[in-house]
Each structure stands twice: as structure tokens, then as C-alpha cells.
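Reviewing the structure listed below.
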2 protein chains.
Amino acid sequence: MRVTIHDIAKLVGVSPSTVSRALSGKGRISPAMRERIRKVAEELGYQPNMLARGLATRSTCAVGVVIHERHLPLDERSFYGVILEAIEAEVSKHGYHVVFSTLRNHALPRCVRERRVDGLIFLGTDIKEELVRPISTELPVVLVDHCIPGLTSVVGDNVGGGRLATEHLLSHGHRNIAFVAETLEDPSFRARFDGYRQALEEHGLRVRKELIVEGGRRSDSDRIAMEKLLRKKKLPTAIFAANDFMAVGAIRALTKAGLRVPDDVAVVGFDDGALATLVHPPLTSVHVPRVEMGKSAAFCLLELLSSPKKVSQVIVLPTPLTIRESCGCRGV
Amino acid sequence: MRVTIHDIAKLVGVSPSTVSRALSGKGRISPAMRERIRKVAEELGYQPNMLARGLATRSTCAVGVVIHERHLPLDERSFYGVILEAIEAEVSKHGYHVVFSTLRNHALPRCVRERRVDGLIFLGTDIKEELVRPISTELPVVLVDHCIPGLTSVVGDNVGGGRLATEHLLSHGHRNIAFVAETLEDPSFRARFDGYRQALEEHGLRVRKELIVEGGRRSDSDRIAMEKLLRKKKLPTAIFAANDFMAVGAIRALTKAGLRVPDDVAVVGFDDGALATLVHPPLTSVHVPRVEMGKSAAFCLLELLSSPKKVSQVIVLPTPLTIRESCGCRGV
DNA sequence: CCTCCTTGCGCAACCGGTTGCTCACATTAT
DNA sequence: ATAATGTGAGCAACCGGTTGCGCAAGGAGG
């Protein structure tokens, strides 16, 4: 059987409570005794049982990370693996563990009700308020990629990024800029679209409906969208895609159609993930700082856990433009 | 405060132990009493505290999933996000949770020693035996993508897949087939190479050293490898890449060099993930059944958890070839 | 020298469940 | 009618920690 504080207590000849105090550093205890107990604990290879501690202290030293099922599968197109990893990296530094869950199978409600975690981080662009609100009354909650009033959230500057990308294309003389997305119903994509619109309007241009295409929420959304776009009588000279996946699909479709990127059509994506450098030509893309988002979310949650003052905040991280070749800026 | 079995006991007028037995279904109890207690528990919205239960039963209803740091970041190039998700989907059906961890920060040893999980699944092609062996004496362990004697593991048929890919290219008349990998030190890539060699030898061909290129363990490994390959005086007519990432890099490099895929050089990848359909031309690739691997690993672990008979097994999943356009089989 | 305060530690309750054992009572066999 | 058997439920210990409270010893101050 593994060693417990009772074993240590017996060996040292003190009570378990003294051992507990010696190891936790709380409560009054003589330095000499503290050292003696620490040494024995060390020798015996004592490791506290977190279940017991959690039961006594009503805390678990674990945080839940929940990914919305809409953002699954967690495959090569997924945005959230990196964030999950960044969260794990950050919280593990502080002795916390990560319980990973999706929104399927009702694993989440169980996870919360069973008091398995001290707090939760939700990943997704469209977390339902009616799901999160009741949970947030029991547990600290941080949202990534979505905002709900009164809750702490960490988001990228989607509107700003949309403007940046569009302005970049405008500054190169493009006037027919298509906007390609899976769907405008998604708040993130909608925000990127808003940025696109703002940039156009500031240049005295209007959003032209025929240049907005949606591929729908499906795995071949990129193909569908580009087919729609390529069927138009007049092609745009540039495409701003709401994410890298659609941008890559655009490049593929254009290449397949015998068009050259960026010479015939310039393409700018959004996310700036690993995909951006996997395609030819390398993709110019609005950078979403995923690692920072994860770190930041973890940091916020740990802060909420340590201090009960519930000041919710919205952290907006900047989204600069990473310029590569697909926009026609740099020579190939 | 949340409702406990003591609350229920008081309300019904029985002892807590009776409530426990009524809800767990274990032990002798009259059907009438069982129903009464169940109803009250239902009405009160009772949810068991897993910490307390875990403490008493010495189980946690949680499994750990550990990803080797070599396979990080968990970005668009990562193979393991899908497997993680598949594991979660499977174990959550059986009431288990997933504690996610990497091999950094020593979160894993803590996770084990603190008795946070009932079992572990390791994800990675090169998990060190000296790390896993001691853990496996305390906890059931399942390996994915790697084998260690005496331990249960789930792997894809890398050798078979390597043969399949190579034979496919051979059957189309290719005789100069390059093998491109990040490194041959990785057991998985080595196995795929072995399949490649076997296929060549069965056709009376020998492995030619100048056709084997490694890009190293780095994020631009694909670029490095292809630069090496393209510097050769004589180019191969086909490339078998040890994974999709390298295959996509090969297509990119070839396209950039003005060569056409598959007309000038055919390319076959390995993994058959989402990347395969994101590039142009769509990639012919050996399919690695990641979802099945995850499900299978989860199943094995749950089995080990339920029955203490420690029969370790190695499950090898078939890796069929998914034919698309990059190998020149199908017209574009 | 006595009082008061501080210090160091143990006692025991508690967190919320599980489970072996005991015992009263009902049922059936002898 | 009595003994053997079975049934339903409670008691109390236990899992492995934490923590409020009390008490004894020692030092400081009057």
C-alpha cells in the first residue's frame, strides 16, 4: 500500500495532523519538527492522495477544458488542439490537471456535478449561454473564442483582423474582394465579415452580395463555396477567407481551375496556423495567437480560482497580419 | 450546499448506508425501499461526489491520456488530436473522464502518484520503456502507436502500409521510388521504411541510398528533405512519404519547382488525415484508422480496468490504401 | 512569584461516500 | 412448537487527508 500521513506520523511519533501541518506549511509548528517530518516524507516517497485532500478541502486541483462539438473532429483542420495544449502547459505549471471533455455524452454536466474540477474553460465560437450560465454560478468559468456578458472571456480581435486583411488587399488595388466562409451564422466568422465590411465602407465601397459565399457547415465546405464562386460570371481579383481551411480550399480550387495564385487571384486567410505554410503558395493570413489565448485563459481561470472577487473581463488579443506569398506582396 | 446521501437518509428516515446500497444496487435491500430512496434522490437532484466515492473505493473513474512531447504541438500537423477525441468519446460512454497531459512539467508522475486516474493511455511512436514500465506495475497501461513487450498496445500496420504504398507505385511501373521521412529513428517511420524495402526486394529491387532522404525532427523538415532530394542529379519518378505532412511538403516543393504531380512525379503519403484532401492534387495515402485506434485503446483499457487478468495483447489495425490523384491512378 | 501570552502539538470531527458485521424479524423446514 | 435459514437495515470503521479547538509548557512582563 502507498504511504500516507499516518505512516509518517507513526514513524516520527507524532499525530497525523502535525504531519499535515508540517507538509502544508499551514498552522503552527516548530521548524525542527517540520524538517524532521519533511525528511521522513521525502525518504518514504510520500505523495498526497488528491482525492482525500480534495474531499477535505473541497477542491480538486483540476480544471475542465470543454470543446464544443461543432469544432470537432480534432483533426488537421482543427483550431483548438493548440489551445488545449497551451492550457495544459500553463495550468500544469501551477500543479493543476486538465480534464478534457467534449459537449457530447453529457460528460460535462457530470464532470461539474461530481465536483471533478475546480473551474472550466470552454472552447468554441458559439457556446450556448443557457448551458454556461447555470454552471458559472457554481464554478469559475472562462470562455475562449466567444463572449457572454458577465463572464470572463479571451478572444482574438476578429473584427480588427478582418479589417486588416481587407485593407491589405485594398491597398494593393483590389476592388473586387470576395468573402468566403463556412457560414456567417458563426459569431467569429460574422465578426471577420464585419471587419471586411468596415474596411470596404471606409474606402467608399459597398459589400456586394454576389461576392459573399458560404459553403455551409460541412467537411467539404471549401469545395462547395469555391464552386459557387467560380460559377459567377465575373471572378473577384482577391479572396478573403474567413479561416485558413477555406483559404486553402480556395487555393486548391483556383489551382485546379488553372488560375494562378496570387497573379490571377490573391488570397488571404485567417488563423495563420500550420496549414498556412503547408500550401503553395504559402498563405498570407491573419494571425490568431492561439498559444497566447490558451495561456491567457488558463491564467484568468487560475486567478478566478485563487481570489473569489468575481470581476469578469474580456481579453481581446491582437491579430496581426502575417504576410506570405498568396496575397501577391512578395515575389515568389 | 449540495445534497449528499446523508440528506437523503435523513429525509427518508434510514441510515446513509442504506441509501448507498439502494443507489449502488449492491447489497441486500427491499425493492420498495430501493424505489423510495431512488425517487427522493431523483427529486433532490442528488449527484454522487466522485472524490468521496473514489476515496472509499480506490478508483477515480478517470483515465489519463498522455501525449509524448515529440508529437507536440497539437496543431494542424498533429496526428493525435483525433485519437484523443476518440478515446474521450469511448470512455465517456462508460462514465469515465479523461485527464489530458503531456510529458512535460512532470504532470504525469504526479497524476499517477496522486491517484488521479485508474489507468493510462500513452500516445506516441517512441514512448520510453523506462518511463512506462514502473507505471505499468501500479496501473493498467495501454500504448498507442508503439509497442513494449508485455504491455497492451494498439498500432497501425506500418510495415504492411509501407509495402502497400510501395507496391502500388511499383505496379504502375515506377522503379525509382524515393522514400522521404522526417527521420528513420522513429520506430513508426522505420517500420514504414521496412515495408518499402520489403516491397522493393520482392520485386528484385534494392534500396538505393540516394533515394532515401530525411529532413530531421524540425518544423520545416519537409522543406529540408525536398531540397535534398531536388538537388540530386536524377530525380525519382515517385515519392513515398512516411507521413502526409512530408507528402504535402513534397507536393508543394515539386509544384514550386515547376514539376507536375502526378505526371512528372507521383506522390503517396501515409496517415490519410484531413491534409490529404486539402492539397492539390488530392493525396493518395495509406489510411491509418485513428478513430479505431482510439476506440480500441479505450476499449482495451476499460477491459483491463474491469478484469484484473493481465493478459497483454498487441492489436494491429489494418492500413488500407486510399487512392486519390497524387499517385497518377485516377484522371484528374 | 504570579499572570498573561505565545508556541507546539494532539484530539476529534469532518469531507461524502462504501462495506463488513451484527442483529432483529420473518419465513420455511423439521 | 422449535430450530434453521433468509432478509432487510443499522452501526461503525474506513478511505486519507484538513482544521478548529484545547491544553500544556515555556518565556516575557509586572
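A note on names: the letters A, B, ... follow the listed sequences, proteins ahead of strands, and every chain is numbered from 1. Note that these values count all heavy atoms, side chains included, but never hydrogens, waters or copies made by symmetry.
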Describe the nucleic acid contact of V14(B) in one word from base, sugar-phosphate, nothing, applying a heavy-atom distance below 4.0 Å. sugar-phosphate

With a non-hydrogen cut-off below 4.0 angstrom, is M50(B) in contact with a base, only sugar-phosphate, or nothing? nothing

Expressed as a whole number of angstroms, how long is the span from [X]:[atom1] to [N]:[atom2]?
| X | N | atom1 | atom2 | value |
| --- | --- | --- | --- | --- |
| L51(B) | dG17(C) | CG | P | 10 Å |
| N49(A) | dG16(C) | CG | P | 16 Å |
| K10(B) | dG17(C) | NZ | P | 13 Å |
| I37(A) | dG8(C) | CD1 | P | 13 Å |
| R116(B) | dG17(D) | CZ | C1' | 14 Å |
| L23(B) | dT19(C) | CG | C1' | 15 Å |
| I5(B) | dG10(D) | CD1 | P | 12 Å |
| K26(A) | dC9(C) | NZ | P | 19 Å |

For R34(B) and for A52(B), find the nucleotide of DNA chain D with the closest heavy atom, then tell me which residue's nucleotide is more 5'. R34(B)

I'd like to know if E42(A) pairs up with R36(A) as an ion pair, taking the criterion as any Lys NZ or Arg NE/NH1/NH2 lying under 4.0 Å from an Asp or Glu carboxylate oxygen. no

Any side-chain donor paired with an acceptor under 3.5 Å for [X] and [Y]?
| X | Y | answer |
| --- | --- | --- |
| T60(A) | H97(A) | no |
| S20(A) | S17(A) | no |
| T102(B) | E85(A) | no |
| D145(A) | Y80(A) | yes |

Distance criterion of 3.5 Å, no angle test: do you see the side chain of [X] paired donor-to-acceptor with the base of [N]?
| X | N | answer |
| --- | --- | --- |
| S17(A) | dC11(C) | yes |
| T57(A) | dC15(C) | no |
| R58(A) | dG16(C) | no |

Which one, [options], comes nearest to the side chain of [X]?
| X | options | result |
| --- | --- | --- |
| T18(B) | dG17(C), dG10(D), dC15(C) | dG10(D) |
| R53(A) | dG16(C), dA9(D), dG17(D) | dG17(D) |
| A56(B) | dG17(D), dG16(C), dG8(C) | dG16(C) |
| P31(A) | dG8(C), dG16(C), dG17(D) | dG8(C) |
| R21(A) | dA9(D), dG17(D), dC21(D) | dC21(D) |

Pairwise 5' ranking along DNA chain C for R28(B) and L55(B), keeping only the more 5' one: L55(B)

Would you check if V65(B) and V99(B) make a side-chain contact, meaning some heavy-atom pair closer than 4.5 Å? no

Taking 4.0 Å as the cut-off, does a side-chain nitrogen or oxygen of S15(A) come that near to OP1 or OP2 on dG10(C)? yes

Please tell me if S20(A) has a side-chain N or O lying less than 4.0 Å from either OP1 or OP2 of dG16(D). no

